[in-house]
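Heads up, the thing below is written out as structure tokens.
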Amino acid sequence: MATPVGHALAGLLLGSGFTLNRPLLGYGRDLVLFVLLATAADLDFVPGILLGNPSAFHQGVSHSLGLALLVGLGMGLWGRRYGRPWRWALVGATLYMSHVVIDFLTVDTKEPLGVMLWWPLSGERYQSPVSVFLNVRRESFCREVVMHDLVTLGRELLIFLPPAGLLLWLRARRRGRYNY
Ligand SMILES: [Zn+2]
């Protein structure tokens, strides 16, 4: 898995791109929504923690195209009251799916490897043969592990921060112009 920071930045990048001229809920509330959508898949740790095995459900059905489409459907239904529900559905499915794709492209060293990318079409787990993002290590707080996780975070910041910062800046400028 990548870090929550990487996932959140990807959400801010994609969400800002989709809503550059017209927000969903409003400028600030949209940013919270984008971060929630892009990080929500890792809530799959919660049932595992309750059962004493945090990884029991990690990167299973929660990390799949099927669940991204369900989230998109839910967002579309929510967005009906605001108009243009397809925009809501698109933002919901794409931002949720960004998390799945990033984890697919991330180094994975813990069994079971990979994500259930194509569920419900397939229950197989898939991991990209070429990794773009580094994994997060959580086994201890020794210097080696901390340094590894800092490099992981640094790579994500290098990839996502420049384009996300640019789109956030553009969105903030248009916020003034369109008065939203
Ligand atoms: Zn994840």
Side-chain angles (χ1 to χ4, degrees), residues 1-18 30-75 78 88-141 145-161 163-164 167-168:
M1 61 179 282
T3 74
V5 175
H7 287 302
L9 283 173
L12 290 172
L13 168 64
L14 292 169
S16 295
F18 279 122
D30 275 5
L31 300 185
V32 175
L33 181 66
F34 299 157
V35 170
L36 287 176
L37 284 167
T39 56
D42 281 343
L43 287 175
D44 60 5
F45 275 121
V46 175
I49 288 170
L50 295 175
L51 293 173
N53 178 10
S55 299
F57 304 100
H58 188 46
Q59 295 192 338
V61 169
S62 59
H63 288 57
S64 67
L65 175 66
L67 210 68
L69 293 175
L70 277 177
V71 169
L73 179 66
M75 282 280 290
W78 181 24
W88 285 70
L90 185 66
V91 169
T94 306
L95 268 64
Y96 193 93
M97 195 62 197
S98 76
H99 184 116
V100 180
V101 171
I102 288 171
D103 279 353
F104 170 71
L105 293 169
T106 299
V107 172
D108 195 354
T109 57
K110 284 191 173 175
E111 295 285 349
L113 301 176
V115 295
M116 282 193 193
L117 189 63
W118 299 115
W119 182 89
L121 299 175
S122 165
E124 291 284 311
R125 288 175 179 265
Y126 296 88
Q127 185 179 8
S128 170
V130 179
S131 297
V132 177
F133 305 97
L134 300 175
N135 58 322
V136 176
R137 290 172 62 184
R138 301 185 299 269
E139 64 268 27
S140 73
F141 283 108
V145 171
V146 171
M147 288 305 294
H148 169 87
D149 287 348
L150 284 174
V151 171
T152 296
L153 178 63
R155 182 185 285 214
E156 293 171 4
L157 291 175
L158 268 175
I159 292 171
F160 288 124
L161 197 55
L167 279 182
L168 284 168

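Position 1 is the first residue of the sequence; numbering continues from there. Indexing begins at 1, ligand by ligand and atom by atom, following the structure's order.
Here the closest non-hydrogen pair linking Ala41 and His99 is CB-CD2, 3.6 Å.
With sequence neighbours excluded, the residues satisfying side-chain hydrogen bond (donor to acceptor under 3.5 Å, both in side chains) with Asp44 are His58, Ser62, His63. Remark: Asp30 pairs with Arg171 by the salt bridge (Lys or Arg N to Asp or Glu O under 4.0 Å) rule, at least two apart or across chains. A search for side-chain hydrogen bond (donor to acceptor under 3.5 Å, both in side chains) contacts involving Glu124 returns nothing, not counting sequence neighbours.
The shortest side-chain heavy-atom distance between Leu113 and Gln59 does not fall under the 4.5 Å cut-off. Side-chain contact check for Lys110 versus Asn135: every heavy-atom pair is 4.5 Å or farther apart.
Under 2.8 Å from the Zn ion (ligand 1), one finds the following protein N/O/S atoms: Asp42 OD1, His63 NE2, His99 NE2, Asp103 OD2.
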